[in-house]
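Just so it is clear: chains get the letters A, B, ... in the order the sequence lines come, proteins before strands, and each one is counted from 1.
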Amino acid sequence: MDALLPADWFDRPAPEVAPDLLGRHLELPDGVVLRITETEAYTAYDTACHANKGITPRTAPLFGPPGHLYIYLCYGIHRLLNLVTDSEGTVGCVLIRGCTIVNGRPTVRTRRGGRTDLRGPGKVGQALALDVGWSGMPLARVRPLASLGVSEGTPVAHHHTTPRIGIDYAEPVDRDRLWRFVAGKKRSRSR
DNA sequence: AGAAGGATTCTCT
DNA sequence: GAGAATCCTTCTT
């Protein structure tokens, strides 16, 4: 099995961590292993970032130490997975927007209601059976609640960048940043 | 206490 | 391509 990425691996700016996460593996103790194929970076002074209007109970993990989880409910339906980057006190995170299944396909199929495509952050959350109660917890292979780990996997040879999705509310300068990272050469999109 | 709005997805057409 | 589903967080009276 791959070596886990230590917490300080995430102690870098989010736009640097995000492309480096492509090809890495998300591992759950139930045997589900996903390969990350699409990410987005969010930073401080970024009007697309949930933390840009100050710290709140929900967004507190974004201000915390690297290598922790930030999970929130989107549109009342979807649980979205973020990995906190940068040092404690500095806002930064990477949204996991898409994956492919490495292991545990039957489990994912059950959780996804018969489907196995994981293009889109809500689908990833469903495949991992994310719980917002995990938000703020550290990554680790074995823990009572947030039993989620990120391992080395196989970094990708090629990726391309695009503007981030679903952040029309942000300032134009932030909307235009090429902070969405997709594994492989230019091909399909997530929506 | 009330209201607004979303880092989305699915199902139609 | 358009519209509904759905509920929590946050901001405003």
Side-chain angles (χ1 to χ4, degrees), chain A residues 10 13-22 24 26 34 36-64 66 68-86 90-101 107-137 139 145-146 148 150 159-183 188-191:
Chain A
F10 295 88
E16 188 178 318
V17 174
D20 205 356
L21 274 171
L22 298 174
R24 310 295 186 172
L26 292 167
L34 306 182
I36 299 171
T37 57
E38 185 179 330
T39 60
E40 276 180 5
Y42 291 84
T43 71
Y45 311 111
D46 172 6
T47 56
C49 182
H50 288 165
N52 91 88
K53 285 181 179 165
I55 190 168
T56 67
R58 181 183 64 144
T59 63
L62 293 172
F63 296 80
H68 285 225
L69 304 172
Y70 169 53
I71 299 169
Y72 72 97
L73 183 66
C74 184
Y75 293 103
I77 304 170
H78 308 287
R79 285 148 191 89
L80 272 49
L81 173 65
N82 296 260
L83 305 176
V84 177
T85 65
D86 296 85
T90 300
V91 167
C93 73
V94 176
L95 169 68
I96 308 301
R97 281 196 65 89
C99 292
T100 56
I101 301 172
T107 304
V108 171
R109 187 190 299 277
T110 299
R111 288 174 179 162
R112 288 272 301 124
R115 298 167 177 265
T116 54
D117 68 296
L118 298 180
R119 254 181 192 291
K123 300 176 184 176
V124 173
Q126 202 173 15
L128 294 170
L130 291 184
D131 187 319
V132 291
W134 298 1
S135 193
M137 301 204 140
L139 283 166
L145 284 176
L148 178 65
V150 182
H159 70 81
H160 62 275
T161 61
T162 79
R164 293 171 290 179
I165 306 292
I167 56 159
D168 291 344
Y169 56 83
E171 299 280 332
V173 63
D174 290 324
R175 278 199 327 238
D176 295 342
R177 293 185 198 285
L178 299 178
W179 280 355
R180 173 167 171 255
F181 304 88
V182 184
S188 57
R189 300 182 187 175
S190 82
R191 54 177 283 171

Could you state the [atom1]-[atom2] distance from [X] to [N], rounded to the nearest angstrom?
X       : N      : atom1 : atom2 : answer
N82(A)  : dA7(B) : CG    : C1'   : 8 Å
L118(A) : dT9(B) : CG    : P     : 11 Å
L69(A)  : dA7(B) : CG    : P     : 19 Å
R175(A) : dG6(B) : CZ    : P     : 13 Å
L73(A)  : dT9(B) : CG    : C1'   : 13 Å
R119(A) : dA7(B) : CZ    : C1'   : 17 Å
K53(A)  : dG6(B) : NZ    : P     : 9 Å
D174(A) : dA7(B) : CG    : C1'   : 13 Å

Just to confirm, is there a sub-4.0 Å distance from OP1 or OP2 of dA7(B) to any side-chain nitrogen or oxygen of Y169(A)?
yes
Let me spell it out: for each of Y70(A) and R115(A), pick the nucleotide of DNA chain B with the closest heavy atom. Which residue's pick is nearer the 5' end?
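With Y70(A) and R115(A) compared, the 5'-side residue is Y70(A).
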5' priority, DNA chain B, between C93(A) and R112(A) [closest heavy atom]:
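The residue mapped nearer the 5' terminus is C93(A).
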Using a heavy-atom cut-off of under 4.0 Å over every strand shown, decide if [X] touches base, sugar-phosphate, or nothing.
X       : value
R58(A)  : sugar-phosphate
R79(A)  : nothing
I167(A) : sugar-phosphate
L80(A)  : sugar-phosphate

On a heavy-atom basis, which atom in [X] and which in [Y] lie closest, and how many Å separate them?
X       : Y       : answer
L139(A) : L69(A)  : CD2-CD2, 3.6 Å
L80(A)  : H78(A)  : CD1-CB, 3.7 Å
A41(A)  : F181(A) : CB-CE1, 4.3 Å
T59(A)  : H50(A)  : CG2-O, 3.6 Å

From I165(A) atom CD1 to R97(A) atom CZ, the distance as rounded to the nearest 0.5 Å
5.0 Å
At what distance, to the nearest 0.5 angstrom, does CD of E38(A) lie from CG of L118(A)?
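Output value for this atom pair is 11.5 Å.
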Nucleotide nearest H50(A) when distance is taken to its side chain, options dA7(B), dT9(B), dT6(C):
dA7(B)
Looking at dA7(B), dC10(B), dA5(C), which one has an atom nearest to any side-chain atom of K123(A)?
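The answer is dC10(B).
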Exercise: do Q126(A) and R112(A) side chains pair donor with acceptor under 3.5 Å
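Yes.
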We want to know whether R109(A) and T116(A) form a side-chain donor-acceptor pair, criterion being a heavy-atom distance below 3.5 angstrom.
no
Bracket string, DNA chain C, 5' to 3' - pairs by Watson-Crick or G-U geometry under 3.5 Å, | interstrand:
|||||.||||||.
Under 5.5 Å centre to centre and under 30° between planes: does that hold for Y75(A) and the six-membered base ring of dA5(C)?
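The ring of Y75(A) is not stacked on dA5(C).
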